[in-house]
Q: 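Structure below; questions to follow.
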Amino acid sequence: MTSPPRFPDPPGPLRDQLALDELHVFVNGLDPLAAWVACALVGAGVCLLDVADPQPVSRSDIARGPYPAEVEGQPRELALRGVLRRRSPRCVPLTAPELFPSAAVPGTVVLNAWSVAGDLVADLAAPSAPPLDPALATLTVAADGANVLRWPGTSWEHRPCRECLAEAVRSARRTARHVVPDTVGAPLPNGDSPLTAVTRSCAAGEIAALLLAAGLGLGRDTMTAHTTPERRPFRGDDHAPEMNGPRGTGPLLLEPCGPVLRRGLLVRELPPNPQCLCSLAFAAP
């Protein structure tokens, strides 16, 4: 009796590919957007998550995030660990930044999540600054109502500062006045506009995918700091503007040189803060 045919072994790079359950992801800041990103990572098969945010779960978190009503007032990190364990028994969420691996361990990535808690840019809430390895690959995001901002990948040491985030939030608000209005459709039961819900859903999936790709090493440009002239940002509207709205608003397929605004289905690159040296960490040479 002959043995069944078998597929040949994959080439070296694929044979050595990390599995999803070998990735280590640190989520710093657990506003509703970041909490949904963590849920998406667990749904994709990530088991080793370190989540950190001692802020208490608010009614807004419950209305807009995956937090159940009974955890109101508990620390976000404690509440989300329970949510993640219920979603996947294989998930082992921790709150122990001192135990998070260094950048020398393959498959380690960090999500640094800011959010605007009120109506003013001054309400921008910073996550904690745990003592992580300065070389860890880090993706910084900021949620502001119907706007979500994402910065190019940097090291933990060179993540953008508060001034850069605040300037990007202001720039995104100016841009939003001239693009997709936030007044279409009746408000949802949680008080959000339909546009805000669309933005959060799109952004959570996109951010989770970028973290997965970076951890797995799928595409060198996923979390790299620079965009060379040969690999400039490519927008999906370069050849089909009628499908993506005004020119310059299509999906970015390669890493940008500055923060990227997502508002609903619109994606637009914003200039980095010219008054701050943070942009040197991700601006093209």
Side-chain angles (χ1 to χ4, degrees), residues 24-42 46 48-67 71-84 93-100 108-118 120-134 136-145 147-166 168-169 172 196 199-200 203-208 210-212 214-215 223 259-260 262 278:
H24 296 263
V25 184
F26 190 94
V27 183
N28 188 43
L30 300 174
D31 68 293
L33 174 63
W36 282 122
V37 172
C39 290
L41 292 170
V42 168
V46 176
L48 305 175
L49 277 92
D50 204 322
V51 296
D53 190 340
Q55 293 298 315
V57 174
S58 66
R59 292 185 180 180
S60 176
D61 293 334
I62 293 169
R64 296 170 171 82
Y67 300 102
V71 302
E72 183 179 355
Q74 294 183 13
R76 283 172 168 175
E77 55 199 24
L78 173 63
L80 187 63
R81 292 201 307 266
V83 170
L84 297 178
L94 301 173
T95 299
E98 69 279 4
L99 299 180
F100 194 72
T108 53
V109 290
V110 177
L111 173 62
N112 190 42
W114 295 59
S115 62
V116 181
L120 304 177
V121 176
D123 296 323
L124 181 65
S128 60
L132 301 177
D133 179 359
L136 281 167
T138 301
L139 188 66
T140 298
V141 301
D144 179 24
N147 296 340
V148 169
L149 292 150
R150 170 177 67 84
W151 274 256
T154 64
S155 64
W156 174 252
E157 181 180 29
H158 294 107
R159 63 196 186 278
C161 66
R162 183 182 186 88
E163 289 72 21
C164 283
L165 275 99
V169 169
T196 300
T199 300
R200 187 182 300 120
E206 179 183 53
I207 293 165
L210 287 169
L211 292 168
L212 291 173
M223 294 276 285
V260 174
R262 173 172 285 281
C278 284

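Quick note: residue numbers are just sequence positions, from 1. Side chains included, hydrogens not; waters and symmetry mates left out as well; all remaining heavy atoms used.
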Q: Determine, stepwise, if the pair Thr140 / Leu165 fulfils side-chain contact (heavy atoms from CB on, under 4.5 Å).
A: CA-CA 9 Å; Thr140 298; Leu165 275 99; 4.2 Å; yes

Q: Under the criterion side-chain contact (heavy atoms from CB on, under 4.5 Å), which of Val46, Val110, Leu41 is the partner of Leu211?
A: Leu41

Q: At their closest point, which heavy atom of Ala166 faces which heavy atom of Leu124, and how far apart are they?
A: N-CD2, 3.9 Å

Q: Checking Thr138 side chain against Leu136 main chain: does a donor-acceptor pair fall under 3.5 Å?
A: yes

Q: Please identify which of these residues, Leu49, Val141, Val51, meets the side-chain contact (heavy atoms from CB on, under 4.5 Å) condition with Leu111.
A: Val141

Q: Do you know the tightest heavy-atom contact between Pro66 and Pro32?
A: CD-O, 4.3 Å

Q: Considering all heavy atoms of both residues, which atom of Pro56 and which atom of Asp61 are nearest to each other, and what is their separation?
A: O-OD2, 3.8 Å

Q: With Glu72, which residues qualify under side-chain hydrogen bond (donor to acceptor under 3.5 Å, both in side chains), at least two apart?
A: Arg59

Q: Examine distances only and state if a side-chain atom of Arg150 and a backbone atom of Ala203 form a donor-acceptor pair shorter than 3.5 Å.
A: no

Q: Quick check: do Thr199 and Asn147 have side-chain heavy atoms less than 4.5 Å from each other?
A: no

Q: Is the shortest heavy-atom distance from the side chain of Thr196 to the side chain of Arg64 under 4.5 Å?
A: no

Q: Please round to the nearest 0.5 Å and tell me the distance separating atom OG1 of Thr154 and atom CZ of Arg159.
A: 8.0 Å

Q: Looking only at heavy atoms, what is the nearest atom pair of Trp36 and Gly65, with distance?
A: NE1-CA, 3.4 Å

Q: About how many Å separate CH2 of Trp114 and CG of Leu149, when rounded to the nearest 0.5 Å?
A: 12.5 Å

Q: Excluding sequence neighbours, so at least two apart, what forms ring-ring contact (aromatic ring centres under 6.0 Å, His included) with Phe26?
A: Phe100

Q: Under the side-chain hydrogen bond (donor to acceptor under 3.5 Å, both in side chains) definition, can you give me all pairs with a residue in residues 124-133, not counting sequence neighbours?
A: Asn28-Ser128

Q: Of Leu84, Leu78, Val83, which meets side-chain contact (heavy atoms from CB on, under 4.5 Å) against Arg81?
A: Leu78

Q: If you compare all heavy atoms of Ala168 against all heavy atoms of Pro259, which two are closest, and at what distance to 0.1 Å?
A: CB-CG, 4.1 Å

Q: If I compare all heavy atoms of Asp50 with all of Pro97, which pair ends up nearest, and what's the gap?
A: OD2-N, 3.7 Å

Q: How far apart are the C-alpha atoms of Leu30 and Tyr67, what are their side-chain angles, what is the distance that settles it, and do they pass the side-chain contact (heavy atoms from CB on, under 4.5 Å) test?
A: CA-CA 10 Å; Leu30 300 174; Tyr67 300 102; 3.4 Å; yes

Q: Got a second to check how far His24's NE2 is from Thr108's OG1, nearest 0.5 Å?
A: 7.5 Å

Q: Within the structure provided, determine whether Ile207 and Leu33 are in side-chain contact (heavy-atom separation under 4.5 Å).
A: yes

